[in-house]
Amino acid sequence: MSGSLLAQSAVNALVLSSLYILMALGFALLLSIMGVVNFAHAVIYMVGGYVCYELIVTAGLNNWVALAITALGLGLFGLFLERFGFRPFFGNTNRIIVLTLAVIVILESLVNVLVGSEVRAIPSFWSGSFQIKGVWIAHERIIAFVAAAVLLIAVFTFIRRSRTGQQMLATSQDFVGATLQGINIYRITAIAAFIACALAAVAGGLMGSLMFLNPFAGDQMLVRAIQVVILAGIGSIGGVLVGGLILGVLNAFLPLWLEGSAVDAVGVAVIIVIMLFRPQGLFGHEA
Amino acid sequence: MQLDIRDIRIHYGKAIAVDGVSIRVGAGEVVAIVGANGSGKSTILEAISGLTPLSSGEIWFGEERIDRLPAYEIVRRGLMQVPEGRRLFPYLSVWTNMQMGASLRKDKAGIRKDMEEVFEHFPILRERRNQKAGSLSGGEQQMLAIARAMVGRPKLLCLDEPSLGLAPIMVNGLVPVIKDINEQGVGVLLVEQNVPLALKVADRAYALQVGKVILEGDAETFRCNDVVRKAYLGG
Amino acid sequence: MLESRWSKLAGLLLLLVILFLVPVIVGGRPYVLHVGVMVLLNIIMVSSLRTIFLSGQISVAHAAFVGCGAYFAGVLAKQFALAPWITIPAGAIMAMVLGVLLGIPFTRVRAIYFAMVSLFGGIFLVDLIRVARTWTGGGTGLSKIPPLAQSFVGQKVPYYYCTLALTIVCLIILWRIEHSRVGMNWKAIAQSHLVASSVGINEAFYRVLALAVGCFFAGLAGAWYAHFNMTLSPDSYGFLPSIFLVMYMLVGGQKSFAGPIIGAGLLYSIPEIFRRLGTAAPLVLGVVMLIVVYLMPEGLAGLYDQLKGQLLKSREERVTKSAAED
């Protein structure tokens with residue numbers, strides 16, 4: 001096994017892990033704070049990619065500026081979704097499922113209609129590549145990882161250190177207990193929705209620079225996000241880091257030996273086995 | 001500030017849980033509500049804190065009507081509750097749990113001073129302040145739940161069955177705690193099944209049965225009342 | 001009471017007559033009949049999904065079991081030249097067996113955990129189908145599966161009638177099971193496993209039984225489809241198709257037997273009806289879904305009761321108003 005291939009796979013593992021964690025963190029926040037299974041996360045990711053593309057290619061903005069605006073815009077959409085989609089049906093899982101599916105259907109077909117089957121890719125955030133010990137590594141992969149990592153560090157610090165972040169953790173651990181301390185849970189759920197959607201949008205934008213955009217790209221990413229969240233355990237926010245890393249490593253290294261669907265199958269089998277023996281996941285709170 | 005519950009009715013599905021109850025807690029008073037399981041006492045606390053809607057009637061706190069406000073707004077008015085089952089944040093530290101009690105306060109220095117004071121009352125919590133709340137014993141958790149509410153500097157503190165699940169020694173430990181809280185000018189509304197405990201701390205009490213108030217008066221009246229003696233004090 | 005029973009029967013009979021006359025009504029147009037067959041198969045799929053749901057388990061893998069039945073039948077027919085009256089039951093049984101195997105280790109977990117396990121189970125099954133490409137053709141799909149009968153080739157009408165018959169039979173069976181003691185036990189478990197076990201109901205057994213029945217009919221629909229479409233693709237049985245089946249059930253109304261029928265019937269047809277909108281067709285579906293979510297808490301099947309309830313409520317309000325004014 002050539003060192004170069006291993007090195008490339010290692011870089012891929014970092015990139016995939018960080019993107020998975022971006023998706024999974026938002027998903028986990030909404031799940032543990034509001035009990036919402038936000039299937040719409042898939043399309044937020046996808047729309048993030050397309051909006052970023054439009055801002056860069058059509059409006060000529062700098063990559064990073066476009067990414068920031070995309071994150072902000074979709075974060076605002078998250079606020080809208082929370083206020084009018086999740087809050088009215090709080091506690092009614094079934095309706096929220098249908099609602100988020102409706103969002104997927106509408107946005108996927110909207111993008112399909114507007115964009116069609118043109119192949120599109122976001123221009124690199126940092127083109128070119130460099131060499132380490134004779135191994136070529138593309139800049140864009142490193143930068144995607146770094147960008148994602150920086151964002152994740154910022155979000156985790158916010159959650160762990162700031163008062164609002166701690167209120168979010170508290171709300172996810174005991175919703176009623178949180179309201180009784182005077183925590184404004186509506187503010188908390190709104191912030192969670194904003195962060196979740198912004199993160200998914202960033203993941204979409206970054207991934208869009210590494211691979212071609214397509215209107216149905218979000219479906220696969222959603223499955224990954226759910227895999228990470230289950231692996232980490234429902235209720236665990238920090239565990240998402242470990243879960244994402246594990247899945248990223250699996251999905252980066254297994255293709256060296258197995259074909260696509262087999263890689264997927266292994267990843268899923270691992271989770272099923274874990275659920276057999278530890279249904280609450282690696283760090284989850286209850287079975 | 002005075003809490004005024006005026007002729008409230010609360011339904012549980014089609015059944016009626018609270019049927020025309022009026023209760024008053026004067027500013028700085030300690031009032032107890034006693035009754036058997038299912039008599040509706042916890043439901044009343046839920047309604048006071050905004051967790052359950054009223055079918056009819058009103059709840060006033062000071063000059064303001066609070067029964068239609070969302071829960072966190074009621075806390076903002078200075079009414080805090082230590083619920084049954086405590087509802088601590090199990091994976092956050094003792095320290096952070098207490099900080100959450102002060103969620104509505106903005107004065108960092110003041111919060112720190114109050115936390116120190118509260119630690120004086122509960123030295124064990126200071127010892128365990130970095131431990132996860134879920135790993136504390138039952139008695140320690142109850143203390144933490146009360147401590148958390150105290151840091152919020154409420155004007156009225158509601159306690160829902162604080163003695164539940166506590167060893168007798170710990171139950172007695174609650175008496176000085178409640179009296180201390182009251183000495184600081186905080187009103188206390190105590191819901192309890194443990195009637196002797198309730199009568200030790202309360203100025204006045206109400207007895208609840210099947211959603212209705214069947215007796216009301218000061219602690220002495222209660223102790224002498226035949227019905228109460230037979231039902232709760234063993235004759 | 002008797003009156004409503006007769007009117008319900010009459011309505012059902014009318015519906016059946018219309019269904020039988022569909023090929024005549026549409027003048028034998030093959031496209032419409034094709035959609036008709038698909039709608040019928042979807043009805044079987046969603047109804048069997050609801051059977052599993054009755055026992056308190058939410059399966060997000062149902063499409064995968066349809067796929068298992070489809071591929072098993074397809075492979076048997078194509079590679080081993082077995083006749084449809086063998087391959088179709090075989091497909092159904094295979095799906096049933098797989099469902100039971102996947103379900104047995106998880107009879108004690110809560111609904112939401114079961115949903116997640118099923119999600120991954122379904123993905124796993126489809127991945128297996130893709131990996132076993134020597135048999136299944138992998139990602140490119142399995143084609144040239146023999147039809148239901150040689151004489152059926154190129155003809156949609158006989159397929160339509162056969163599928164209609166199949167659907168009616170399946171629905172009758174599912175209805176009878178639901179209204180038998182088995183169905184009662186399922187509903188008891190779904191309500192509260194504590195109460196159910198205290199009455200002596202073996203929760204694990206009934207949960208697996210629900211899975212067995214549900215997956216059997218899913219596999220049946222799939223295997224039938226294999227001989228109808230004669231081509232299979234693993235994309236049809238993944239995560240999103242499974243979720244859509246759940247959605248058909250929820251939008252149709254999961255509380256009533258007719259819910260899946262209405263849900264599958266309506267929601268599957270909408271993109272087809274609006275076909276000329278091209279890629280914008282699913283938009284109509286999305287809008288309909290939103291309308292149901294916001295306006296119909298009981299789903300489509302509950303619409304009648306919902307409207308009735310609202311009519312009664314407004315009548316009551318008018319009466320009390322006029323009484324107050326007197």
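No hydrogens, no waters, no symmetry mates; every other heavy atom, side chains included, goes into these values. Each chain gets a letter, A, B and so on, in the order its sequence line appears, and its residues count up from 1.
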K.L.:
Which heavy atom of Val131(C) sits nearest a heavy atom of Ala262(A), and at what distance?
P.N.:
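Looking at all heavy atoms of both residues, the shortest contact is CG2-N, 3.6 Å.
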K.L.:
Which region of Phe120(C), side chain (C-beta onward) or backbone (N, CA, C, O), has a non-hydrogen atom less than 4.5 Å from a non-hydrogen atom of chain A, or is it both or neither?
P.N.:
both
K.L.:
Does any heavy atom of chain A fall under 4.5 Å from the side chain of Pro297(C), the backbone, both, or neither of them?
P.N.:
both
K.L.:
For Leu283(C), is it the side chain, the backbone, both or neither that has a heavy atom under 4.5 Å from a heavy atom of chain A?
P.N.:
both
K.L.:
Mind listing the closest non-hydrogen atom pair of Met289(C) and Val98(A) along with its distance?
P.N.:
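Here Met289(C) and Val98(A) meet closest at CE-O, 3.6 Å.
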K.L.:
Should we count CZ of Phe253(A) as having more than 12 external heavy atoms under 6.0 Å?
P.N.:
yes
K.L.:
Answer with side chain, backbone, both or neither: which region of Phe124(C) has an atom nearer than 4.5 Å to a non-hydrogen atom of chain A?
P.N.:
both
K.L.:
Ignoring hydrogens and angles, tell me if any N or O in the side chain of Arg95(A) forms a donor-acceptor pair with the backbone of Val293(C) under 3.5 Å.
P.N.:
yes
K.L.:
Looking at Asp127(C) and Ala265(A), what are the two nearest heavy atoms and their distance?
P.N.:
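Looks like OD2-N, 3.3 Å.
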K.L.:
Return yes when atom CZ of Phe216(A) has more than 12 non-hydrogen atoms of other residues, nucleotides or ligands closer than 6.0 Å, and no otherwise.
P.N.:
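Atom CZ in Phe216(A) is crowded, with more than 12 foreign heavy atoms closer than 6.0 Å.
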K.L.:
Say you draw a straight line from CD1 of Ile272(A) to CD1 of Ile123(C); how long is it, rounded to the nearest 0.5 Å?
P.N.:
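Here the interatomic distance stands at 9.0 Å.
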K.L.:
So what's closer than 4.5 Å to chain C heavy atoms on Leu222(A): side chain, backbone, both or neither?
P.N.:
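Contact with chain C involves the side chain of Leu222(A) alone.
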K.L.:
A quick test of your reading: do over 12 heavy atoms of other residues, nucleotides or ligands sit less than 6.0 Å from CD of Gln220(A)?
P.N.:
yes
K.L.:
In Å and rounded to the nearest 0.5 Å, what is the CE to OG1 distance from Met247(C) to Thr100(A)?
P.N.:
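Spacing of CE (Met247(C)) from OG1 (Thr100(A)) equals 10.0 Å.
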K.L.:
Given a strict heavy-atom distance threshold of 4.5 Å, which part of Phe244(C) is in contact with chain A: side chain, backbone, both, or neither?
P.N.:
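Side chain of Phe244(C) only, per the 4.5 Å heavy-atom cut-off to chain A.
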K.L.:
Has Arg275(C) got more than 12 heavy atoms of other residues, nucleotides or ligands less than 6.0 Å from its CZ?
P.N.:
no
K.L.:
Below 4.5 Å from any heavy atom of chain A, which atoms of Leu119(C) appear? Answer side chain, backbone, both or neither.
P.N.:
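Contact with chain A is through the side chain of Leu119(C) alone.
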K.L.:
What part of Ile230(A) gets closer than 4.5 Å to chain C, counting heavy atoms only: side chain, backbone, both or neither?
P.N.:
side chain
K.L.:
Just give me the residue among Val263(A), Ile226(A), Ile97(A), Val266(A) that pairs up with chain C most often, heavy atom to heavy atom, under 4.5 Å.
P.N.:
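Top option by heavy-atom pairs under 4.5 Å: Ile226(A).
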K.L.:
Within a reach of under 6.0 Å around CZ of Phe90(A), are more than 12 heavy atoms found that belong to other residues, nucleotides or ligands?
P.N.:
yes
K.L.:
Give the intermediate values and the outcome of side-chain contact (heavy atoms from CB on, under 4.5 Å) for residues Ile234(A) and Met116(C).
P.N.:
CA-CA 11 Å; Ile234(A) 293 189; Met116(C) 285 176 322; 3.6 Å; yes
K.L.:
A quick test of your reading: do over 12 heavy atoms of other residues, nucleotides or ligands sit less than 6.0 Å from CZ of Arg133(C)?
P.N.:
no
K.L.:
Can you name the residues of residues 101-111 of chain A that have some heavy atom under 4.5 Å away from a heavy atom in chain C?
P.N.:
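Within residues 101-111 of chain A, near chain C: Leu101(A), Ala102(A), Val105(A), Ile106(A), Ser109(A), Leu110(A).
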K.L.:
Does the ring centre of Phe84(A) sit less than 6.0 Å away from the ring centre of Tyr294(C)?
P.N.:
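No, too far apart.
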K.L.:
Are more than 12 heavy atoms, taken from residues, nucleotides or ligands other than Lys187(C), located less than 6.0 Å from that residue's NZ atom?
P.N.:
yes
